[in-house]
Novice: 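I'd like to ask you about the structure that follows.
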Amino acid sequence: MVWSDPGHPVRLETVAPPDWKGANDNMRVLADRFGRTFPYLRLSVIEACNFHCSYCLPNGYQAAPGRPKALEMDEITRLLCAFAAVGMRKLRLTGGEPSLRKDLSQIIATAGAIPGIEKIGMTTNGILLRRRVDDWRAAGLTHLNISVDALERERFAEITGHDRLDDLLEGIEHALGLGFQSVKINAVLLRGCNDDQMPRWFDYLRRRRVSVRFIELMRTGDNRAYFERYHVRADSLEQYLELAGWRLLPRAHDAGPAREYAHADYAGRIGVIAPYSKGFCTDCNRLRVTAGGDLRLCLFGNIGIPLRPLLQSDDDQAALVARLYGQLGIKQAGHGLHEGQTGLTSNLATIGG
Ligand code: SAM
Ligand code: SF4
């Protein structure tokens, strides 16, 4: 099992990007007034989800009346062309649950055919992993994150509302042999709920070259009482890891928000994502677009900037890019989570995390 196997064949299907009338060689990369650039886009391709994660959609997904339909394929293509032209190099597909989209492989293949996009990732609850991961890989998916909040069957079912852990773990084993550039597992830290799972995770990581990223629970508009009860600070996990012999790795220049730990006795690694830690936003390199086509400058921002009206025709690409440049000027230095400001984000399924 390897982290990456560049020899693996990819892309069964490619879709030519449309003629794009807005790009030229003088285009600047997107940057904000704090000097941050944005090579990374997280695109939610669907709001719906079939899981009931207790911290996200405890009552399941409810389609609120008046919510916009998810962007169509041609709208997504125009959006990605515009972002790629101003420096987006890494795309992550998310949701809701992105694998519920029937045209997911086509979205992946289309993104892969757009000049400039080098990495295509997806974050999934893994419900269709075993059945579909070969297709996604063949279409050009390069990075895969799967959410697994517990390694105990009953606990997993309690948190997600689905007794699917065994199936999911089989899917991950299979994915590890497909030559992805990275396969990572996400687990949200929940006090008194899954914080006893660490010995199981250590066993899991002993021989598998996979990274498990523990994410500190974030407060959203909908989960206030849940947050008060289950939030646990990531630094307590980091102290535990250090006592168990895990060592913090030096930060790579293009690293994401995770602090990464390794241990000589384990093939796998552990990442810790601590959104409440000091300096978390300093290196922010990502923008988000919701399933309905709103640009979000911050996971917890107060504004959604509608891009959809400019996704209806190739002729609007220059105007689209101008809107992106213009809006970056109002991106704030950091989120207001410490003050309990969750912005527009009622739950992370609405924006994709
Ligand atoms: N449905 C997919 C999944 O669960 O992987 C993709 C969307 S989900 C919103 C993306 C990630 O956000 C998941 O890893 C999930 O565990 C995480 N997440 C959701 N709500 C969260 C919260 N309140 N705090 C921290 N992480 C959260
Ligand atoms: Fe669905 Fe992902 Fe939210 Fe769980 S975390 S309810 S899988 S969107």
Side-chain angles (χ1 to χ4, degrees), residues 1-10 51 92 99 119-138 141-157 159-160 162-190 194-216 234 237-238 240-252 255-273 353:
M1 249 172 266
V2 288
W3 284 87
S4 63
D5 170 9
H8 189 82
V10 292
F51 271 24
R92 177 166 298 277
S99 64
K119 298 176 179 173
I120 305 170
M122 177 167 74
T123 302
T124 173
N125 64 21
I127 190 92
L128 292 176
L129 190 65
R130 219 175 43 155
R131 261 192 281 157
R132 302 297 311 280
V133 67
D134 291 278
D135 293 348
W136 304 332
R137 181 73 184 107
L141 195 73
T142 57
H143 292 64
L144 181 64
N145 286 27
I146 308 114
S147 300
V148 184
D149 291 321
L151 278 179
E152 226 174 315
R153 197 177 142 195
E154 296 75 23
R155 201 72 63 82
F156 179 89
I159 298 172
T160 63
H162 283 259
D163 186 6
R164 295 295 295 267
L165 179 65
D166 293 346
D167 187 47
L168 203 89
L169 293 178
E170 263 181 49
I172 294 174
E173 288 308 306
H174 181 65
L176 283 170
L178 294 182
F180 282 101
Q181 285 180 37
S182 84
V183 175
K184 293 179 181 166
I185 294 175
N186 290 353
V188 179
L189 287 170
L190 303 170
N194 65 1
D195 52 0
D196 60 347
Q197 299 285 295
M198 210 47 73
R200 289 174 189 266
W201 282 117
F202 287 175
D203 283 350
Y204 188 82
L205 291 173
R206 194 171 288 280
R207 293 185 205 293
R208 287 182 186 81
R209 296 180 73 84
V210 63
S211 174
V212 180
R213 292 135 49 97
F214 292 100
I215 308 172
E216 189 171 333
L237 170 65
E238 294 191 77
Y240 174 91
L241 290 176
E242 277 168 25
L243 286 174
W246 291 79
R247 295 288 165 253
L248 183 62
L249 297 172
R251 202 181 142 74
R259 289 159 57 86
E260 184 102 343
Y261 288 80
H263 190 303
D265 298 340
Y266 296 87
R269 290 186 176 177
I270 293 180
V272 178
I273 300 184

Novice: Distance check, rounded to the nearest 0.5 Å: Tyr261 atom OH versus Glu242 atom CD?
Specialist: 4.5 Å
Novice: If we ignore hydrogens and angles and just use 3.5 Å, is the side chain of Arg137 paired with the main-chain N or O of Leu178 as donor and acceptor?
Specialist: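 Yes; judged by distance alone, with no hydrogens or angles, the pair exists.
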Novice: Quick one: pull up NZ in Lys119 and CD in Gln181 and give me the separation to the nearest 0.5 Å.
Specialist: 6.5 Å
Novice: Keeping the roles fixed (side chain from Gln197, backbone from Leu151), state whether a donor-acceptor pair exists under 3.5 Å.
Specialist: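 Pair found, side chain donor or acceptor close to backbone of Leu151.
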Novice: Looking at Asn125, is its backbone amide N or carbonyl O close enough to the side chain of Ser147 to form a donor-acceptor pair, meaning the two atoms are under 3.5 Å apart?
Specialist: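 Not a single qualifying donor-acceptor pair exists.
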Novice: Can the ring centroids of Phe202 and Trp246 be said to lie less than 6.0 angstrom from one another?
Specialist: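 Close enough - the centres of the two rings lie under 6.0 Å apart.
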Novice: Between the main-chain N or O of Gly268 and the side-chain N or O of Arg209, is there a donor-acceptor pair closer than 3.5 Å?
Specialist: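 Not confirmed, Arg209 side chain does not pair with Gly268 backbone.
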Novice: What are the two closest non-hydrogen atoms of Asp167 and Ile127, and how far apart are they?
Specialist: OD2-O, 4.2 Å
Novice: Can you check whether Asp149's main-chain N or O pairs, donor with acceptor, with Asn194's side chain at less than 3.5 Å?
Specialist: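 Indeed, once roles are kept as given, a pair shorter than 3.5 Å links the two residues.
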Novice: Calculate, to the nearest 0.5 Å, the distance between atoms CD and CZ belonging to Glu173 and Arg208 respectively.
Specialist: 4.0 Å
Novice: If you apply the rule side-chain contact (heavy atoms from CB on, under 4.5 Å), what do you find for Glu260 with Ser211, and how did you get there?
Specialist: CA-CA 9 Å; Glu260 184 102 343; Ser211 174; 3.8 Å; yes
Novice: What heavy-atom pair brings Val272 and Leu237 nearest, and what distance separates the two atoms?
Specialist: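 It is CG2-CD2, 4.1 Å.
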Novice: Mind checking whether Val188 and Ile159 have side chains closer than 4.5 Å, heavy atoms only?
Specialist: no
Novice: Donor-acceptor check, side chain of Arg251 to backbone of Gly256, threshold 3.5 angstrom: yes or no?
Specialist: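 The answer is yes, because a donor-acceptor pair under 3.5 Å joins these two groups.
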Novice: Grab the two heavy atoms, one from Leu144 and one from Ala175, that are nearest each other, plus how far apart they are.
Specialist: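 Here Leu144 and Ala175 meet closest at CD2-CB, 3.8 Å.
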Novice: How far apart are the closest heavy atoms of Gly271 and Ala258, and which atoms are they?
Specialist: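 The pair with the smallest heavy-atom distance is CA-CB, 4.3 Å.
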Novice: Rounded to the nearest 0.5 Å, what's the gap from CZ on Phe214 to CG on Leu189? Could you check?
Specialist: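 Output value for this atom pair is 6.5 Å.
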Novice: Give a yes or no on whether the backbone of Ala157 and the side-chain of Asp163 come within a donor-acceptor separation of less than 3.5 Å.
Specialist: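 Such a contact is absent between Asp163 side chain and Ala157 backbone.
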Novice: Give the minimum heavy-atom separation between Ile273 and Arg213, together with the two atoms involved.
Specialist: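 So the two residues come closest at CD1-NH2, 3.4 Å.
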Novice: Under the ring-ring contact (aromatic ring centres under 6.0 Å, His included) test, which residues partner Phe156, sequence neighbours left out?
Specialist: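 By the ring-ring contact (aromatic ring centres under 6.0 Å, His included) rule, Phe156 matches no residue at all.
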Novice: If you measure from CG on Leu249 to CZ on Arg269, what distance do you get to the nearest 0.5 Å?
Specialist: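 Result: 5.0 Å between the selected atoms.
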Novice: Please report the interatomic distance CH2(Trp201) to CD1(Ile185), rounded to the nearest 0.5 Å.
Specialist: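 It comes to 4.5 Å.
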Novice: Do you know which two heavy atoms are closest between Thr124 and Ser99, and how far apart they sit?
Specialist: OG1-OG, 4.0 Å
Novice: Without swapping roles, check the side chain of His263 against the backbone of Ile270 for a donor-acceptor pair under 3.5 Å.
Specialist: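 A pair under 3.5 Å: no.
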